[in-house]
Protein chains: 2
Amino acid sequence: MRADAQRNRARVLAVAAEIFASEGLSVPVHEIARRAGVGTGTVSRHFPTKEDLFAAVLLERMKELSEQADALTGSPGAFFTFFATLVREAAANRGLAEALGGAGFDVEAAAAQAGYDVTARLNALLASAQESGEVRPDITYPDVKALMAGCLSADLSDPATLDRLVAVVSGGLRGTARDS
Amino acid sequence: MRADAQRNRARVLAVAAEIFASEGLSVPVHEIARRAGVGTGTVSRHFPTKEDLFAAVLLERMKELSEQADALTGSPGAFFTFFATLVREAAANRGLAEALGGAGFDVEAAAAQAGYDVTARLNALLASAQESGEVRPDITYPDVKALMAGCLSADLSDPATLDRLVAVVSGGLRGTARDS
DNA sequence: GTCGAAACGGGACGATCATCCCGATTCTAG
DNA sequence: CTAGAATCGGGATGATCGTCCCGTTTCGAC
């Protein structure tokens, strides 16, 4: 790969990450190209479709999150900790939140394409939390995803909101719950 | 209003209600007109914008739901019952679910325009449930809306899924929770 | 330094829709 | 029955975007 092409690719990726995070998925590709100081053709050569671009952006964060999940595995409350981490990550990333909420692209597909399967990690943490009785046994992975999307659908301008929602959901997921 | 115009308006409204419920908000106005057997001009004359059409569709259901809420007021667990009713209503109505999830139109505005303020009802039920200690005191109305959206974002082809999610959220909202 | 290949820029294209407009049609009061 | 006004149908219009294409520029191996 030519050096200039490599630079441009990295630049587009960085700009796209920033824009997707702050403005969501609906920003036009033209705008990303403009802010990156390249032509639209350059973007679409490196990332044939908008979804490819989004998947590439996601790839970096996925790696980190996967490692974090692995580090947590085995410790008590790992599922709840990782759940909160994921929600917080998405709360700070509008594009990711939209994708998780179903609007736009398929996060699972992008994650799978990435190779770092955060989905599988969360699933595993869920299963062991259920075995140890930390989480109601009837809950499924899609349930968790939906509840996560719910937390993200709120207006998060007040950071306490997210904590409250995560607390509600976490409490509801426990087989044995406790007072607020 | 001319008799034929009245008939057409009612017909468009009925068809739109059916289509919005089964296929969501993204269906083109042309398609609604086509299935109603009228021209697009007829639709846009009765309902200047797509959002007006959606608001008119909502109006009918809002009336029913508001009355249900009023009937419940005062009885124990009213908040939880009404919450479940609302979620079930939206689960059977893809357009409403999308609107509640933030994609598309502003439900609150449509409801307010309708005069039947389901929002206010749910808010009142929440407040009295908090006074009686049924619901955590720190919860806000937007929190409830977000959690509702979460329940609806799941794949609901299995009806048990909705029950499970409502149970989790209800349990999480209680000041004092209980086993699954 | 030269030249072929790779990459670039950005405009063209095509698809999707909501909304508006206007000539044709239908209703209804008198 | 008739005239005029309300209504109708559906194509035109305009906006938004993602994707593709191609003439031009730049890179880098030799």
Side-chain angles (χ1 to χ4, degrees), chain A residues 1-20 22-58 94-95 98-99 102-107 109-110 113, chain B residues 1-20 22-58 94-95 98-99 102-107 109-110 113:
Chain A
M1 194 176 195
R2 244 166 62 174
D4 57 338
Q6 207 162 355
R7 267 197 311 276
N8 274 323
R9 187 183 191 282
R11 177 154 183 70
V12 167
L13 206 49
V15 169
E18 196 176 318
I19 295 189
F20 280 146
S22 63
E23 302 180 29
L25 301 177
S26 67
V27 53
V29 172
H30 281 75
E31 177 64 14
I32 294 174
R34 196 185 63 77
R35 291 207 219 170
V38 302
T40 59
T42 301
V43 174
S44 81
R45 195 169 323 102
H46 290 302
F47 310 99
T49 72
K50 196 178 183 177
E51 187 154 10
D52 290 329
L53 176 56
F54 181 63
V57 166
L58 230 50
R94 196 169 146 190
E98 284 176 15
F105 309 134
D106 185 355
V107 200
Q113 176 182 337
Chain B
M1 195 176 194
R2 244 167 63 175
D4 58 336
Q6 209 162 354
R7 268 198 309 275
N8 274 323
R9 187 183 191 283
R11 178 155 181 69
V12 168
L13 205 49
V15 169
E18 197 176 317
I19 295 189
F20 279 146
S22 64
E23 302 180 30
L25 301 176
S26 69
V27 54
V29 173
H30 281 76
E31 177 64 14
I32 294 174
R34 196 186 63 76
R35 292 206 219 170
V38 302
T40 59
T42 301
V43 174
S44 80
R45 195 169 322 102
H46 290 303
F47 311 99
T49 73
K50 195 178 184 177
E51 186 154 10
D52 290 329
L53 176 56
F54 181 64
V57 166
L58 230 50
R94 198 170 143 189
E98 284 177 14
F105 308 136
D106 184 356
V107 201
Q113 177 182 338

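Nothing here was measured: the structure is a model prediction, and the numbers come from that model. Residue numbers begin at 1 in each chain, while the letters A, B, ... track the order of the sequences. Values below: every heavy atom of this structure, side chains too, minus hydrogens, waters and symmetry copies.
Distances from the side chain of A:Val29 to the nucleotides C:dC8, D:dG18, C:dA18 place D:dG18 closest. The B:His46 side chain lies nearest to D:dC8 when the options are C:dC8, D:dT19, D:dC8. Comparing C:dT19, C:dA7, D:dC8 by their nearest atom to the side chain of B:Lys50 picks out C:dT19. Listed nucleotides C:dA18, C:dG9, D:dG9 differ in distance to A:Arg45; the shortest reach to its side chain belongs to C:dG9.
C:dG9 atom P lies 15 Å from atom CD1 of A:Ile32, rounded to whole Å. B:Leu53 places its CG atom 16 Å from the P atom of C:dC17, with the value rounded to the nearest Å. A straight line from CD of B:Glu51 to P of C:dT19 spans 9 Å, rounded to a whole angstrom. Taking atom NE2 of residue B:His30 and atom P of nucleotide C:dC20, one finds them 13 Å apart after rounding to whole Å. One interatomic measurement links the two molecules: CG of B:Asp52 to C1' of C:dA18, which rounds to 12 Å at whole-angstrom precision. Distance, A:Glu31 CD to D:dT16 P: 13 Å, rounded to whole Å. Between the CZ atom of B:Phe54 and the C1' atom of C:dC17 there is a distance of 18 Å, given to the nearest Å. One can place CG of A:Leu25 at 11 Å from P of D:dG18, the figure rounded to the nearest angstrom.
Contact check, A:Asn8 against C:dA7: no side-chain N or O comes under 4.0 Å of OP1 or OP2. Between B:Thr42 and D:dG9 there is a side-chain polar atom (N or O) within less than 4.0 angstrom of OP1 or OP2.
Taking CZ of A:Phe20 as the start and CG of A:Leu53 as the end, the distance is 4.5 Å to the nearest 0.5 Å. The line from CZ of A:Arg7 to CZ of A:Arg2 is 10.0 Å long, rounded to the nearest 0.5 Å.
Residue B:Ser26 is the one, among B:Ser26 and B:Ser44, whose nearest nucleotide of DNA chain C lies closer to the 5' end (criterion: closest heavy atom).
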Protein-proximity profile, nucleotides 24-30 of chain C, B/S/- by nucleotide at the 4.0 Å heavy-atom cutoff, equals --BSS--
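Here the closest non-hydrogen pair linking B:Gly95 and B:Phe54 is O-CZ, 4.0 Å. B:Asn8 approaches B:His46 most closely through the heavy-atom pair CB-NE2, 4.3 Å.
Applying the 3.5 Å distance criterion, the base of C:dG11 shares a donor-acceptor pair with the side chain of A:Thr40.
For A:Glu23, the CD atom is densely surrounded, since the number of other residues' heavy atoms within 6.0 Å is greater than 12. Other residues, nucleotides and ligands place no more than 12 heavy atoms under 6.0 Å from the CD atom of B:Glu18.
Side-chain contact between B:Thr49 and B:Asp52: present, with at least one pair of heavy atoms (C-beta onward) separated by less than 4.5 Å.
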